[in-house]
Amino acid sequence: MAETSQKALQQQILIDDSNIPDWLLTEILQRLPVKHIFKFKCVSKRWFILISDPFFARLYSTRINTSLSTSQPWNLLFRYLYEVRIVPSSMIDTRIALKQSQDFSSPGFSLNFLPYSKHDCPIKILASSNGLLLCCETFYWQKNYYICNPLIQQWIALPKPPKAIKSVAVGFICKDGHYEVIRFPTANYGPSNTLRLETFSSETGKWHCSIVNCPVLDYYIKTDSPVVHYNGSLHWLEFRHSKIITYDPHNGTNTGLHLMNLPDDKQSEHLSLLGVSRGRFRYFEVTDTCFGPRDLRVWVLSDYDAQRWCLEYRIKFSGSWIDEVNEFIPKDNFYIFPLALHPHEFDIVYLGYGGCLVSYNLGTRKLDVVHRNFYSHQLLAFVFSPWPTTIPQPFW
């Protein structure tokens, strides 16, 4: 009888929190992993009200930022832009390259909660913004777009764009509870210097088409380098003229695409990418990818308006590897691919080398293997919001 009463008392203690003041319950809840917080909204009406309060979100974000020394959790995601399977089946669900966050440390993380997630042709990750991902079922002839928060597995499907285009450059901006998707053709061969630009706005729930000016007749967007949102504008690498194409969706007085210069002494046309580290806009390239000397170079944009670049690092690979590298990958005769910049550390970059994904410290010249048997050249540095960004429910 005593044992039965004790079990009943324990059950009552676990269920009844009426004697716990709101401030104490809030202190307890904000110390839980963020992926569990949203599940706990269903525990009771009281928990739902506390967790839904904007004050709780501000407290949670402040605690996270303080504990992480202002560095938000992040990870590297495989983008899977290819239309055919070129990766082993064992990697199809392995979309996480690093284990930087406990919320994404579970094995086999994937986007299988989206309605289209066939194993023979995985969902494509196109862009990220403020903790959300823009995805699509296909790389060519894109029509079914999804916006999702993979941390809380929330998603919505966008209306189909008005026109079928084989290959598009896509940008994604999420800010203040509002998001936009911008797309236009990846190439233009003239004769007109205008092009059709399509914008989806969550405020209207519709695609808006406009004819905008194009700075060159024969541009070609480098689609294997992720679009970068910086200084209010979207930035794509342009291949044919070795420029950056920019677009500011909110500058009504200066509409259209614009060209931005790359560093004058850049060399690589293919193995290069743009990125942002600690709020600084950077350009990263690898030159002479197979035989002969190979250089890794990183520039930072010191003056955005003047388009002034400053070379930060120039490293020759022939003399930079430490001895332990020889134990698992050879130095010579392997392609080297720039894959990503560390979003919080200036000195760390990510490379594809000898069939491995490696991190390389530009300061110490130390190389570490992150992922073996690495077959993708497409990565996206995905920085989580301190408090998960919720997606407004569609009204269309």
Side-chain angles (χ1 to χ4, degrees), residues 77-84 86 121-129 133-147 158 160-173 179-200 207-230 233-249 255-262 266 268-275 283-285 337-340 376-380:
L77 304 185
F78 298 116
R79 296 180 67 204
Y80 286 121
L81 295 187
Y82 304 102
E83 290 300 300
V84 296
I86 63 169
C121 192
I123 203 85
K124 276 60 177 171
I125 299 174
L126 303 180
S128 69
S129 180
L133 292 176
L134 173 67
C135 305
C136 190
E137 295 178 0
T138 59
F139 180 61
Y140 293 110
W141 302 107
Q142 295 174 5
K143 60 179 181 179
N144 295 318
Y145 290 102
Y146 303 102
I147 293 176
L158 301 187
K160 291 181 174 59
K163 186 175 182 180
I165 303 174
K166 180 179 180 180
S167 180
V168 290
V170 183
F172 177 45
I173 300 174
Y179 57 85
E180 291 178 300
V181 177
I182 296 98
R183 63 177 229 154
F184 58 93
T186 57
N188 181 33
Y189 300 103
S192 172
N193 65 342
T194 61
L195 58 84
R196 177 189 175 99
L197 185 142
E198 300 171 339
T199 302
F200 178 85
W207 288 91
H208 172 72
C209 301
S210 57
I211 303 300
V212 300
N213 294 322
C214 179
V216 288
L217 294 178
D218 55 346
Y219 73 84
Y220 185 81
I221 298 293
K222 181 178 168 65
T223 54
D224 58 352
S225 179
V227 60
V228 177
H229 182 217
Y230 181 79
S233 295
L234 297 167
H235 301 76
W236 294 267
L237 275 178
E238 193 276 330
F239 173 74
R240 196 176 303 278
H241 299 275
S242 295
K243 301 286 186 179
I244 300 173
I245 285 186
T246 71
Y247 176 70
D248 182 353
T255 58
L257 305 181
H258 299 274
L259 287 183
M260 182 176 181
N261 291 326
L262 285 166
K266 69 172 293 295
S268 179
E269 297 295 337
H270 299 278
L271 301 181
S272 57
L273 57 86
L274 299 172
Y283 175 74
F284 173 28
E285 74 171 16
F337 304 94
L339 291 174
S376 176
H377 297 161
Q378 308 292 331
L379 289 181
L380 178 72

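Since the model is a prediction, treat every value here as computed from it, not as a measurement. We number each residue from 1, following the sequence as shown.
Interatomic distance, I244 CD1 to I221 CD1, rounded to the nearest 0.5 Å: 10.5 Å. Rounding to the nearest 0.5 angstrom, the gap separating the CZ atom in F172 from the SG atom in C135 is 9.0 Å. The line from OG1 of T194 to CD1 of I211 is 6.0 Å long, rounded to the nearest 0.5 Å. Taken from CZ in F200 to CG in L134, the straight-line distance is 11.0 Å, to the nearest 0.5 Å. To the nearest 0.5 angstrom, N188 atom CG is 14.0 Å from R196 atom CZ.
By the 4.5 Å heavy-atom criterion applied to side chains, L259 and I245 are counted as neighbours. Between C209 and E198 there is a side-chain heavy-atom pair separated by less than 4.5 Å. You'll find the side chain of S272 stays beyond 4.5 Å of the side chain of K266, heavy atoms only. Between F139 and R79 the shortest side-chain heavy-atom distance does not fall below 4.5 Å. Under the 4.5 Å side-chain criterion, counting only non-hydrogen atoms from C-beta, Y146 is in contact with E137. Between L126 and V181 the shortest side-chain heavy-atom distance does not fall below 4.5 Å. No side-chain heavy atom of T199 sits less than 4.5 Å from a side-chain heavy atom of P249. For the pair K143 and T138, the minimum side-chain heavy-atom distance is 4.5 Å or more.
The heavy-atom pair separating S233 from D248 by the smallest distance is OG-CB, 3.4 Å. The minimum heavy-atom distance linking L262 with S242 is given by the pair CD1-O, 3.4 Å. When all heavy atoms of Y219 and P185 are compared, the pair lying nearest together is OH-O, 2.6 Å. The two residues A127 and L380 come nearest to each other via the heavy atoms C-CD2, 4.2 Å.
For H235, the side-chain hydrogen bond (donor to acceptor under 3.5 Å, both in side chains) test picks out Y304, with sequence neighbours left out. Among residues two or more places apart in sequence or in another chain, the side chain to side chain contact (heavy atoms under 4.5 Å, CB included) test is passed with S225 by K222, L237, L273. Listed by chain and residue number, nothing satisfies the salt bridge (Lys or Arg N to Asp or Glu O under 4.0 Å) test with E180 (two or more places apart in sequence, or in another chain). Taking Q142 as the reference, Y145 meet the side-chain hydrogen bond (donor to acceptor under 3.5 Å, both in side chains) condition, with sequence neighbours excluded. For the side chain to side chain contact (heavy atoms under 4.5 Å, CB included) test, residues two or more places apart in sequence or in another chain that qualify with V212 are L195, L197, S210. Partners of F284 by ring pair (Phe, Tyr, Trp, His ring centres under 6.0 Å), not counting sequence neighbours: none found. Evaluation of the salt bridge (Lys or Arg N to Asp or Glu O under 4.0 Å) rule for R240 yields no partner, not counting sequence neighbours. The ring pair (Phe, Tyr, Trp, His ring centres under 6.0 Å) check on F239 picks up H270, with sequence neighbours excluded. Under the rule for a salt bridge (Lys or Arg N to Asp or Glu O under 4.0 Å), K243 has no partner lying at least two apart in sequence or in another chain. Legend: residues meeting side-chain hydrogen bond (donor to acceptor under 3.5 Å, both in side chains) with H208, ordered by chain and number and at least two apart, are absent. Take Y179 and apply the ring pair (Phe, Tyr, Trp, His ring centres under 6.0 Å) test, not counting sequence neighbours, and it matches no residue.
Ring centroids of F184 and W236 are separated by less than 6.0 Å, placing the two rings close together.
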Do any side-chain atoms of residues 160-171 form donor-acceptor pairs under 3.5 angstrom with protein atoms, and if so which ones, sequence neighbours left out?
unit_1 : atom_1 : unit_2 : atom_2 : d
K160   : NZ     : N144   : OD1    : 3.1
S167   : OG     : T186   : OG1    : 3.0

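Within 6.0 Å of OH on Y220 lie no more than 12 heavy atoms contributed by other residues, nucleotides or ligands.
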